[in-house]
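Throughout, a chain's letter reflects where its sequence line sits, starting with A, and its residues are numbered from 1. Side chains included, hydrogens not; waters and symmetry mates left out as well; all remaining heavy atoms used.
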There are 2 protein chains.
Amino acid sequence: MKLDRKEEIILKAAQLFKEKGYNAVSMRDLAQELGIKAASLYNHIQSKQEILEIIIMQVARDFTMHIHEVSPKPISAIQKLEEIIKMHIDLTIKKTDFLACMNNDWMHLGKEKKEIYIEMRADYEEKFREILQGGIKANEIRNSDIEIMLFSILSTLRTFYLWYAKNKNINPNILKKDLTKTLLQGVVV
Amino acid sequence: MKLDRKEEIILKAAQLFKEKGYNAVSMRDLAQELGIKAASLYNHIQSKQEILEIIIMQVARDFTMHIHEVSPKPISAIQKLEEIIKMHIDLTIKKTDFLACMNNDWMHLGKEKKEIYIEMRADYEEKFREILQGGIKANEIRNSDIEIMLFSILSTLRTFYLWYAKNKNINPNILKKDLTKTLLQGVVV
DNA sequence: GTCTATAAGGCGATAGAC
DNA sequence: GTCTATCGCCTTATAGAC
């Protein structure tokens, strides 16, 4: 699996953005990490912002695609939530840096892409909300404040890359089981 | 309640840092928001970094102080968790901008303060972990992966200012009840 | 495809007048 | 306490040689 130069640049950029944040990484920093000069980057990418756009839009599309796949399935709300949690963990493992980047630096997108991102995120949350509502109707999920349940689950899933960074050796299947249990059933006996 | 100039600068800085991130806010931006020139800021503060340090260290101390207060109380683990959740909500309401700043920009602290911050955070997590462990021993809390339970609760509490920004009119007491219920009991019926 | 050189402007911070 | 003027450095990005 050979990476072309552009992919290499984007992967390294995502790694650096995750560690220091978009604005704290200069094109000189990025170039140095790749063993070239800053000017040479511009043979492969148009601008620093383009790198950020590619990173964020790619992973935003992944999430949007997956929830639209899970949402209409003829399964219970609980089973849908289990699939979504599994999906978040898989993406956290496969695309840690991209995910961190999306979470922390989306506000540094250009005007146009930022609007698209915000819309995709709202769409994702709406699909999630519909699943919870379906669960309440079917008496699978507690009839409590839906916005709080939504935020509680989603905030943990969105920042889970922070936990994973310090626990990389865990078995993904055990992880999925334990996180699902905690998010759905809470911590009380 | 009259603010002196330094407090005014720090409050406005926290607000701007929350919106754009530390590195994306220049001293010229900050000064303009206050109706003065950038050079004038330096009569009140030593450097841009000093502003960040004051913001983050203040709220980090608040959290540390409170958990050391709750931890030794002769109450059940569940009651301790309830008090901690209440405390997070109170600080989220009272110091939204400071909290956002701490969460997003702590890595831009100078070397020395960054080390102190990381240590305070580790101490906070350790106290939290001890409370969960006590709860497991007393059979109040499920004997599941403690690190996952810790992260699940803490990640929601730490980013709760994002939710609160869009739901400012909610009654704090109802909020505390609902969030506590969701974090402790989960979402399943 | 990478290099050197450089443009054009923003950055944090200081000096000194008022 | 705020101002104007400025320093020295860093920034993204381009031009043109090799």
Side-chain angles (χ1 to χ4, degrees), chain A residues 1-57 101 104-114, chain B residues 1-57 97 101 104-114 117:
Chain A
M1 189 179 77
K2 204 179 149 291
L3 300 175
D4 69 8
R5 205 63 162 143
K6 183 162 182 173
E7 276 180 284
E8 211 180 334
I9 290 169
I10 287 165
L11 286 174
K12 181 58 80 179
Q15 189 189 320
L16 294 177
F17 293 167
K18 182 192 73 184
E19 286 164 15
K20 305 185 183 186
Y22 176 72
N23 275 299
V25 177
S26 72
M27 295 301 269
R28 283 171 175 81
D29 295 336
L30 176 55
Q32 194 174 37
E33 284 280 316
L34 294 162
I36 57 175
K37 297 291 174 183
S40 307
L41 293 168
Y42 291 89
N43 266 294
H44 306 283
I45 51 102
Q46 281 200 327
S47 66
K48 190 184 176 187
Q49 271 224 19
E50 193 211 7
I51 300 176
L52 187 67
E53 287 172 6
I54 291 170
I55 292 170
I56 293 180
M57 287 300 145
C101 213
N104 300 324
D105 289 318
W106 64 268
M107 73 279 278
H108 300 119
L109 287 168
K111 189 171 179 291
E112 195 191 338
K113 299 283 177 180
K114 179 153 62 179
Chain B
M1 190 178 76
K2 205 177 148 289
L3 300 174
D4 70 7
R5 205 65 163 140
K6 182 163 183 174
E7 276 181 283
E8 210 181 338
I9 290 169
I10 287 164
L11 286 174
K12 179 59 78 179
Q15 189 189 320
L16 293 177
F17 293 166
K18 183 192 72 184
E19 286 165 15
K20 305 186 183 184
Y22 176 73
N23 274 299
V25 177
S26 71
M27 295 302 271
R28 286 167 176 82
D29 294 337
L30 175 56
Q32 195 174 35
E33 283 281 316
L34 294 162
I36 57 175
K37 297 291 174 184
S40 307
L41 292 169
Y42 291 89
N43 266 293
H44 306 282
I45 52 100
Q46 280 200 328
S47 65
K48 189 184 176 187
Q49 272 223 21
E50 193 211 8
I51 300 177
L52 187 67
E53 286 172 7
I54 291 172
I55 291 170
I56 292 180
M57 287 300 144
D97 300 343
C101 213
N104 301 324
D105 289 318
W106 63 268
M107 73 278 277
H108 301 119
L109 288 168
K111 189 172 179 290
E112 196 192 336
K113 298 285 177 179
K114 179 153 63 179
Y117 169 75

From NZ of Lys48(A) across to P of dT14(D) the rounded distance in Å is 15 Å
Angle class for the Phe17(A)/Tyr22(A) ring planes (parallel below 30°, perpendicular above 60°, tilted otherwise)? perpendicular
Gln32(B) atom CD, over 12 foreign heavy atoms within 6.0 Å: no
Residue closer to the 5' end of DNA chain C, Ile45(B) versus His44(A) (nearest nucleotide): His44(A)
I need the residues from residues 16-28 of chain B with at least one non-hydrogen atom less than 4.0 Å from DNA chain C; give them sorted by number, or say none. Val25(B), Ser26(B), Met27(B), Arg28(B)
Sequence neighbours excluded - salt bridge (charged side-chain N to carboxylate O under 4.0 Å, His left out) pairs with any residue from residues 28-47 of chain B: Lys12(B)-Glu33(B)
Between P of dG1(D) and OH of Tyr42(B), the distance in whole Å: 17 Å
Just the rounded figure in Å: distance from P of dG12(C) to CD of Glu50(B). 15 Å
Under a 4.5 Å cut-off applied to non-hydrogen side-chain atoms, are Ile9(A) and Lys6(A) in contact? no
Between atom CG in Leu41(B) and atom P in dA13(C), what is the gap in whole Å? 10 Å
Qualifying residues under side-chain contact (heavy atoms from CB on, under 4.5 Å), relative to Met107(B), sequence neighbours excluded: none
I'd like to check the salt bridge (charged side-chain N to carboxylate O under 4.0 Å, His left out) partners of Lys114(B); sequence neighbours left out, ordered by chain and number. none
Using a cut-off of strictly less than 4.0 Å between a heavy atom of the residue and any atom of DNA chain C, enumerate the qualifying residues of residues 29-39 of chain B by number. Ala39(B)
Could you note down all residue pairs passing salt bridge (charged side-chain N to carboxylate O under 4.0 Å, His left out) where residues 16-27 of chain A supplies at least one of them, sequence neighbours left out? Lys18(A)-Asp97(A)
Could you tell me the separation between the NE2 atom of His44(A) and the CD atom of Glu50(A), rounded to the nearest 0.5 Å? 12.0 Å
